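To start, the structure under review is shown below, and the notes come after it.
Please read all numbers here as calculations on a predicted model, not as lab measurements.
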Amino acid sequence: MESITSPMAQMAQSYPGIEGFYLLNRHAQLGFIEPGTLAARKEKFAQANDAEFTRSHPEFTRELEAFFKDTEVLLQRFAEDPTGGMELGYIVPGDPEDNRWRSATLVLHDAVIRVFKEHDEFRVEKGMKDIFKDDPDDEKLQAKRSIQRGMDDLIHHQTQFGVYLFFPVLFKLPSSQAGDRQPLRVLNLLWRADDSGSSKFSSAHIDSQQHISQNAVFDVLRDNLMTRAIDHSKRLEHRLSIDD
C-alpha cells in the first residue's frame with residue numbers, strides 16, 4: 001500500500017469509499033485513487049490506441065479532444081461561479097464511530113433531489129410505478145447517502161427520454177477557497193449552460209445534453225467505473241439504516 005504520507009492515501013483514509021471514482025485536479029486532468037494500493041492514477045484512455053476500438057468508434061479521438069477542452073472550460077467556469085449549477089453535492093469525511101454505511105457520506109444538493117423527484121413523479125403518472133408498493137428507488141429522494149449508492153444513482157440516472165444528466169467527478173477545493181465548506185465537492189462533467197446564458201442545466205437544453213451524454217468518451221468512463229469502483233454489494237449494505 002502507498003505510504004500513509006501520500007496525499008492520495010491520506011485522502012482515501014479521510015474519505016473511505018472514494019477509491020476508484022474519478023477525481024479532477026486543478027489542471028483539469030482526470031484520475032483516480034487505485035483501490036488497494038491507494039496510488040494516484042491518471043486516466044490514460046487506452047482505447048484511443050486500440051485499433052479494434054477506434055475502428056468501431058471512428059469519432060473517438062475527436063470526441064476525446066473535445067472532452068479535454070470542455071473539461072478545462074468547466075473547471076474554469078466552476079472557479080468563476082461555484083454556485084452556478086455545476087456542483088451536485090459534496091462529500092463528508094467518514095466517521096468510524098457513527099457511520100451507518102461504513103464510508104464517507106455524499107450529500108446531494110436540493111436541485112439534484114428535485115430532478116430525482118420529478119422523474120419519480122413522471123413514473124407514477126405514466127403507471128410505471130405503484131405508489132402503494134415499497135420501492136428502493138424512493139431512497140433517491142434523500143439527500144444523504146453512502147458514496148457507493150450516491151455515485152451509482154448519479155451515474156445511471158436517465159430522463160424519461162433516456163438522456164444521462166449527470167457524470168459525477170470529485171474535486172478538492174484549494175484551501176484558499178474552501179473556507180468553512182467541506183473541501184471535497186462533486187461536480188457534473190455533463191453540465192452545460194443553457195442557451196439563455198444562465199449557468200445551470202435546463203430542460204430547454206435537452207438536445208445538446210443528449211448529444212454530450214451519448215459521447216463515446218462518457219461510455220468508456222462509465223464502463224471503467226462499473227469495473228473499478230461500483231460495488232453493488234456495498235450499495236445494498238445497511239440500505240434500511242439511512243440517516244435522514
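To the nearest 0.5 Å, atom CD of residue E43 and atom CZ of residue R41 are 12.5 Å apart. Going from atom CG of D223 over to atom OG1 of T227 covers 7.5 Å, rounded to the nearest 0.5 Å. T61 contributes atom OG1, which lies 7.0 Å from atom CD of E65 (distance to the nearest 0.5 angstrom). The structure places CZ of R114 at 12.5 Å from CG of L108, a figure rounded to the nearest 0.5 Å. Here the CG-CD distance, from D70 to E63, works out to 11.0 Å after rounding to the nearest 0.5 Å. Atom CD in Q13 sits 10.5 Å away from atom CD1 in I18 (nearest 0.5 Å).
For R228 and F32, the positive end sits near the middle of the six-membered ring, less than 6.0 Å away and at most 45° from its axis.
Ionic pairing of R77 and E72 is not present here: no N-O contact between side-chain nitrogen and carboxylate oxygen is shorter than 4.0 angstrom. For E59 and R62, the salt-bridge test passes: some basic side-chain N is under 4.0 Å from an acidic carboxylate O.
Between F60 and F53, the gap from one ring centroid to the other is short of 6.0 Å.
Residues Y15 and L184 are in side-chain contact: their nearest non-hydrogen atoms beyond the backbone lie under 4.5 Å apart. Proximity of I147 to T105: side-chain heavy atoms (C-beta onward) are nowhere separated by under 4.5 Å. In this structure, R222 and I155 have side chains that are in contact, with non-hydrogen atoms separated by less than 4.5 Å. Between Q47 and N224 there is a side-chain heavy-atom pair separated by less than 4.5 Å. Considering only heavy atoms from C-beta on, V169 stays 4.5 Å or farther from F21 through its side chain. Between R26 and P174, the closest side-chain pair of non-hydrogen atoms falls below 4.5 Å. By the 4.5 Å heavy-atom criterion applied to side chains, L187 and F166 are not counted as neighbours. Residues L165 and L190 are not in side-chain contact: their nearest non-hydrogen atoms beyond the backbone lie 4.5 Å or more apart.
Environment of CZ in F78: crowded, with over 12 heavy atoms of neighbouring residues, nucleotides or ligands closer than 6.0 Å. With a 6.0 Å radius and a threshold of 12 heavy atoms from other residues, nucleotides or ligands, E52 has its CD atom at or below the threshold.
When all heavy atoms are compared, the tightest approach of I113 to A143 is CD1-CA, 3.9 Å. Smallest separation of non-hydrogen atoms from L38 and A12: CD2-CB, 3.8 Å. Looking at every heavy atom in both residues, A104 comes nearest to I91 through CB-CG2, 3.7 Å. Between P82 and R181, the shortest heavy-atom contact is CB-NH1, 4.3 Å. For A48 against L64, the heavy-atom pair with the smallest separation is CB-CD2, 4.1 Å. Listed here is the closest heavy atom pair of Y90 and H109: CD2-CE1, 4.0 Å.
One hydrophobic cluster, built from ILVMFWY side chains closer than 4.5 Å, cannot hold both V73 and V217; they sit in different ones. Hydrophobic clustering (ILVMFWY, side-chain heavy atoms < 4.5 Å, transitive): V107 and F171 are in distinct clusters. M86 and L221 end up in the same hydrophobic cluster when Ile, Leu, Val, Met, Phe, Trp and Tyr side chains are linked at under 4.5 Å. Following chains of ILVMFWY side-chain contacts shorter than 4.5 Å, one can reach I33 starting from L173, so the two form part of one hydrophobic cluster. Both F45 and L189 are part of a single hydrophobic cluster, where members link through side-chain heavy atoms under 4.5 Å apart.
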Should K172 and L23 be marked as a side chain to side chain contact (heavy atoms under 4.5 Å, CB included) after you check the CA-CA gap, both sets of side-chain angles, and the distance that decides it?
-> CA-CA 8 Å; K172 192 172 187 295; L23 290 153; over 6 Å; no
Might you work through the side chain to side chain contact (heavy atoms under 4.5 Å, CB included) test for L24 and L170, ending with a clear yes or no?
-> CA-CA 6 Å; L24 193 64; L170 305 174; over 6 Å; no
Using the side chain to side chain contact (heavy atoms under 4.5 Å, CB included) rule, take L154 and F116 through it: C-alpha gap first, then chi angles, then the decisive distance, then the call.
-> CA-CA 10 Å; L154 289 168; F116 286 155; 4.1 Å; yes
Residue pair K42, L30: steps toward the side chain to side chain contact (heavy atoms under 4.5 Å, CB included) verdict | CA-CA 6 Å; K42 182 179 178 180; L30 202 61; over 6 Å; no
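Formation of a donor-acceptor pair under 3.5 Å by the R185 side chain with backbone atoms of Q182 is found in this model. Not a single donor-acceptor pair under 3.5 Å links the side chain of Q76 to the backbone N or O of L74. With hydrogens and angles disregarded, a donor-acceptor distance shorter than 3.5 Å links the side chain of S146 to the backbone of R149. Checked by atom type and distance alone, the side chain of Q148 pairs as donor or acceptor with a backbone atom of D231 at under 3.5 Å.
No hydrogens or angles considered: nothing links the side chains of D153 and H157 as a donor-acceptor pair under 3.5 Å.
Taking the six-membered ring where the residue is Trp, F167 and Y22 present tilted rings, their angle falling between 30° and 60°.
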